[in-house]
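Residue numbers count from 1 along this sequence.
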Amino acid sequence: MLRPLWTMPLSGHIVSKLNENGFFYWEDLWNPDNRNELKPSVHKILQSCRGFSSRDFQSLQTAPASTSSFEVYMKDTDDIITFSKAVDELFGYGIPTESIVELCGAPGQGKTQICLQLCASVQIPKSLGGLSSAAIYIDTNKNFFFERFKEISLGTVAHCKKVVRKLKLGSSAEEEMKTFTIENMERNVHVLYVNGHIQLLAAVQLLEKMITSSKARLIIIDGFAFPFQEIDSGLQRTSFICRTLGILSQLVSKFKLAVVLTNELTTHISPSGETDFIPALGGSFAQFVSHRLLIGQDSILLSKSPNRPSAAANLKITADGIRDAN
């Protein structure tokens, strides 16, 4: 049975061009002697409309590899600790990689403080259970403060040194701690300041090169909703949000990293006239988010997760960073 071109994931422009040249079915595009080779006339059409390459077309013929839901559930992932045991236990051990995590709350509740702590935590040496990796911090509203990050880094290094001495982890841990310094921690956080949704999308499109060169395992976008406030059209706003999150989702899968986005609360008025505060950006944004954390005064609630129950934890923000409330 022949498959019509309009049922394939092709743009309407490409389908129209192919139809104009007598190609109406997917099977018509290929050399009958080699089903992995496009006909020369099809190549010309694609070049003229700057469509998919031959490799792209071949990928449409191959089904992606599958895995069972049990394997997904049991898959080991690297986690980034928050230095609050109660918060880490919401996820099992810490903020999971291979996921997009939303930190949502009103201004002044500690979203940026948690992000700064994660930038320090992701650099913890592997001998201490860390990832020994870098972080990329995209700041949309001038929230990154180097002096505050330095304070948290000092607290992180001091804590790790205590652990090495207390547990007597040996020479390998001691050697790694020699390079786990404040100066190196500052070098391993790459900060990008963006202004508006166009710059944000451009920065996200450049992330792959930065991840490869820096070996980052953590991407933070602090103030994700802020750049999209300048877009008046709801349809255009949704389009930019989905394009940005689509790229981030691909990076998460390819590099097995964690993406943490901070979001604001917005007022929602129900049909009955009752008002409530809900996360900004709506359902299109929420579909891309793996885990949602709602942050209140000295508390945090895991309200959405694919594999963890909804639960709450208490925490406090100290000079050294995020710690348990008790």
Verify, without hydrogens or angle tests, whether N143 (side chain) and D139 (backbone) share a donor-acceptor contact under 3.5 angstrom. no
Is there a side-chain contact between L218 and I80 in this structure, where contact means two heavy atoms from C-beta onward sitting under 4.5 Å apart? yes
Tell me, do I322 and I317 make a side-chain contact under 4.5 Å, heavy atoms counted? yes
Does one side chain, of N184 or T179, offer a donor that lies under 3.5 Å from an acceptor on the other? no
Under 4.5 Å between side-chain heavy atoms, hopping through other hydrophobics if needed: is there a path connecting V191 to I221? no
Main-chain N/O of A86 paired with D324 side-chain donor or acceptor, under 3.5 Å: yes
Counting only N and O atoms by type, is there a donor-acceptor contact under 3.5 Å from the side chain of T262 to the main-chain atoms of G223? yes
Quiz question: by atom type and distance under 3.5 Å, do the side chains of Q229 and R237 form a donor-acceptor pair? no
Can you tell me if CD on E274 sees more than 12 non-hydrogen neighbours from other groups inside 6.0 Å? no
With the side chain counted from C-beta on, respond yes when W30 and V42 share a heavy-atom pair under 4.5 Å apart, and no when they do not. no
Supply the atom-to-atom distance I136 CD1 to S214 OG, rounded to the nearest 0.5 angstrom. 4.0 Å
Only distances under 3.5 Å count here; give the side-chain donor-acceptor pairs of residues 247-255 to other protein atoms, sequence neighbours excluded, each with its distance to 0.1 Å.
from : atom 1 : to   : atom 2 : distance (Å)
S249 : OG     : L245 : O      : 2.9
S253 : OG     : S249 : O      : 3.3
K254 : NZ     : E208 : OE2    : 2.4

Nearest atoms (heavy-atom pairs only) where P227 meets L200: CG-CD2, 3.9 Å
CD1 (I220) and CG (L116) are apart, to the nearest 0.5 Å, by 7.5 Å
Looking only at side-chain N and O atoms, does N314 offer a donor or acceptor that is under 3.5 Å from a partner on S299? no
Mark yes or no for whether K161, through its side chain, and T156, through its backbone, hold a donor-acceptor pair below 3.5 Å. no
Are the side chains of I219 and V260 in contact, using a 4.5 Å heavy-atom criterion? no
Are a donor atom and an acceptor atom from the side chains of H291 and E102 found within less than 3.5 Å of each other? no
Are L201 and I198 joined in one hydrophobic group, where the rule is that I, L, V, M, F, W and Y side chains link up if heavy atoms are under 4.5 Å apart? yes
Has K304 got more than 12 heavy atoms of other residues, nucleotides or ligands less than 6.0 Å from its NZ? yes
Please check if the number of heavy atoms outside Y193 that lie under 6.0 Å from its OH is greater than 12. yes
Spell out, as yes or no, whether a donor-acceptor pair under 3.5 Å connects the side chain of T140 to the backbone of F226. no
Check this for me: does any side-chain nitrogen of one of D78 and R217 sit under 4.0 Å from a carboxylate oxygen of the other? yes
Chi angles and distances behind the side chain to side chain contact (heavy atoms under 4.5 Å, CB included) call for L293, L90: CA-CA 10 Å; L293 291 166; L90 293 177; 4.3 Å; yes
Starting from the C-alpha separation in whole Å, work towards a yes-or-no answer on ring pair (Phe, Tyr, Trp, His ring centres under 6.0 Å) for F285 and F224. CA-CA 10 Å; F285 170 76; F224 185 80; 5.5 Å; yes
For the pair R148 (side chain) and A319 (backbone), establish whether a donor and an acceptor sit closer than 3.5 Å, ignoring hydrogens and angles. yes
Report the relative orientation of the aromatic rings in F83 and H159; use parallel for angles under 30°, tilted for 30 to 60°, perpendicular for over 60°. perpendicular
Following the transitive rule for hydrophobic clusters with a side-chain heavy-atom cut-off under 4.5 Å over Ile, Leu, Val, Met, Phe, Trp and Tyr, establish whether V163 and M177 coincide in one cluster. yes
Report whether V122 and I211 are members of the same hydrophobic cluster (ILVMFWY, side-chain heavy atoms less than 4.5 Å apart, transitive linking). no
Would you confirm whether Q109, through its side chain, and G105, through its main-chain N or O, come within 3.5 Å as a donor-acceptor pair? no
Whether E147 and K150 form a salt bridge (side-chain N of Lys/Arg under 4.0 Å from carboxylate O of Asp/Glu) is what I want to check. no
Heavy-atom closest pair, residues F23 and L29: CB-CD2, 3.8 Å
With a 4.5 Å heavy-atom cut-off, do I114 and T112 have their side chains touching? no
Residues S132, Q123; criterion side chain to side chain contact (heavy atoms under 4.5 Å, CB included); working and verdict: CA-CA 4 Å; S132 192; Q123 301 186 53; over 6 Å; no
Could you tell me which non-hydrogen atom of C160 sits nearest to which non-hydrogen atom of L128, and how far apart they are? CB-CD2, 3.6 Å
Looking at every heavy atom in both A225 and A280, which two are closest together, and how far apart are they? CB-CB, 4.5 Å
With rounding to the nearest 0.5 Å, note down the distance linking NZ in K44 to CG in L38. 14.0 Å
For residues A106 and K111, report the shortest heavy-atom separation together with the two atoms involved. O-NZ, 3.1 Å
Evaluate whether atom NZ of K39 has more than 12 neighbouring non-hydrogen atoms of other residues, nucleotides or ligands under 6.0 angstrom away. yes
Atom pair SG/CD1 of C115 and I138 - distance to nearest 0.5 Å: 12.0 Å
Determine, step by step, whether F24 and L5 satisfy the side chain to side chain contact (heavy atoms under 4.5 Å, CB included) criterion, reporting the C-alpha distance in whole Å, the side-chain angles of both residues, the deciding distance to 0.1 Å, and the verdict. CA-CA 6 Å; F24 297 95; L5 288 176; 5.6 Å; no
Taking the six-membered ring for Trp, are F144 and F146 parallel (under 30°), tilted (30 to 60°) or perpendicular (over 60°)? perpendicular
Does D28 reach the main-chain N or O of Y25 with its side chain, forming a donor-acceptor pair under 3.5 Å? yes
Taking C-beta and beyond as the side chain, do L257 and V259 meet within less than 4.5 Å on heavy atoms? yes
Determine, step by step, whether F277 and T267 satisfy the side chain to side chain contact (heavy atoms under 4.5 Å, CB included) criterion, reporting the C-alpha distance in whole Å, the side-chain angles of both residues, the deciding distance to 0.1 Å, and the verdict. CA-CA 5 Å; F277 292 103; T267 304; 3.6 Å; yes
So CG of N195 and NZ of K142: to nearest 0.5 Å the spacing works out to 6.5 Å
Answer with yes or no whether the hydrophobic clustering places L302 together with L315; edges join I, L, V, M, F, W, Y residues whose side-chain heavy atoms lie under 4.5 Å apart. yes
Looking at every non-hydrogen atom in both residues, tell me the closest pair between L192 and M210 and how far apart they are. CD1-CE, 3.6 Å
Output yes when a side-chain donor or acceptor of E230 lies under 3.5 Å from a complementary backbone atom of H197, and no otherwise. yes
Does S127 use its side chain to pair, donor to acceptor, with the backbone of P125 at less than 3.5 Å? no
When rounded to the nearest 0.5 angstrom, what is the spacing between CD1 in I45 and CG in N21? 3.5 Å
Hey, does L261 have a side-chain heavy atom less than 4.5 Å from the side chain of V101? no
Can you check whether L118 reaches I95 side chain to side chain, under 4.5 Å on heavy atoms? yes
